[in-house]
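A quick write-up on the structure given underneath.
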Amino acid sequence: MRLSLSADEAPHLPNFAVSELRSSLLTWYAQLGRDLPWRRTRDPYAIWISEIMLQQTQVKTVIPYFERWMTLFPTVDALAKADLQAVLKAWEGLGYYARARNLHRAAQTIVEQHHGLFPQELDAVLALPGIGRTTAGGILSAAFNQPLAILDGNVKRVLARLMALDVPPNRALSALWHWSEAMLDPARSHEFNQAFMDLGATICTPKKPACLLCPWQRHCRAYNLGTQSELPMSEPRAPLLHKIIGVAVIWNDRNQILIDRRKPEGLLGGLWEFPGGKVEPGETIEACIKREIQEELGIEIEVGDRLTVVDHTYSHFRVTLNVHHCQHLSGDPQPIECDEIRWVMARELDQYPFPKANIHIIEALQKSAV
DNA sequence: TACCCGTGGCA
DNA sequence: TTGCCAAGGGT
């Protein structure tokens, strides 16, 4: 098996086939394409928001977030003027929080450099943070019918099967871009790109593709070879690292809880959390929590009863959070390894954006308070 | 280039 | 329970 495939090695798409593939896909889409909220508008702002939310995220998950977002921040200007904390709160639970931080920054750039109007020039769009080639093509084709190709996960999978690609898609990106561009119907790029993605999402699915319903069945190399369930090829992955974490819900004598805001960049950047850290070899949970709180906040606490245990999986590792009630004893908490610290009442916690694993802690707190 | 960056659904 | 992967981009 070869390791990679360059564009000039890519098998050629015959012109007669391209013409038939375009028309059969567009006919299929006119009948069976999905009715999605962001397809009812040509507003580039709304389409931009949907494209960012849909990065690595399924349509079903995105729909309620999209509807709420458009109510909270209906225009570029509204988003640019909003507080980052409010933006992160609207994104809470969607993951990949850099997407929300980039949306906020990009909105401010559009106000400052483009009079608040979403730019139509490809280079200007690509210059905005959080927008790469696929997202730029998706926005500009959907909003302005510009003849720009896309290469999202759906299109990669469809093309990998159509062309019986014998390497993992990420080893053949230039060939895949070449095919996506060759396939695109330049006069109807808006419909074509949407149809291309719908084909991948509803027919050419990762598991058990519905080949019998596929408008491209006759031309599909994988179908004709019977290898559609083996494609696209996948890359081996390293097993997830597992970290054991001690977490403190620290109470003061005014019935308040201590939370901290993470630094603005990196994992869960800008979100709030309950403080804690990794258990070292041979260390008890209680000792870990006491040590971490001393190191990170410079205060003394007494570690009390266990509140809950939370298992959570991130992209590249897994954590088990061992959460204990704690009592503040002495010292004024300092933001040594975070951006900000606050004492808040339990009922105020829902005003702050928290990562999912911490949402579970808040739910456990609400249960234990009843 | 290879790694970082969340969460949910599903088998 | 575990692994896989979904409308990717930044560095």
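Chain naming here is simple, since letters A, B, ... match the order of the sequence lines and numbering starts at 1 in each. Just so you know, these numbers come straight off a predicted model, no measurement behind them.
One finds no salt bridge joining A/K278 and A/E292 here, because no Lys/Arg side-chain nitrogen approaches an Asp/Glu carboxylate oxygen to under 4.0 Å. Using a cut-off of 4.0 Å between Lys/Arg side-chain N and Asp/Glu carboxylate O, A/R342 and A/E340 are scored as salt-bridged.
Within the 4.0 angstrom heavy-atom criterion, base atoms lie near A/R39. Heavy atoms of A/W38 sit under 4.0 angstrom from at least one base atom.
Set against C/dC4, C/dG9, C/dA7, the side chain of A/T134 has C/dG9 as its closest nucleotide. Looking at the side chain of A/A201, the nearest of the listed nucleotides C/dG9, C/dA7, B/dT7 is C/dA7. Side-chain atoms of A/L36 lie closest to C/dA7 of the nucleotides C/dA7, C/dG9, B/dT7. Among the nucleotides B/dC5, C/dC5, C/dG8, the one closest to the side chain of A/H316 is B/dC5.
In the hydrophobic clustering of ILVMFWY residues, with side-chain heavy atoms under 4.5 Å counting as a link, A/V125 and A/M53 come out together.
Side-chain rings of A/Y45 and A/W38 stay apart, their centers remaining 6.0 Å or farther from each other.
Place A/L128 and A/S50 on DNA chain C by their nearest nucleotides, and A/S50 ends up nearer the 5' end. If you find the closest nucleotide of DNA chain C to A/S234 and to A/Q56, the one lying nearer the 5' end belongs to A/S234.
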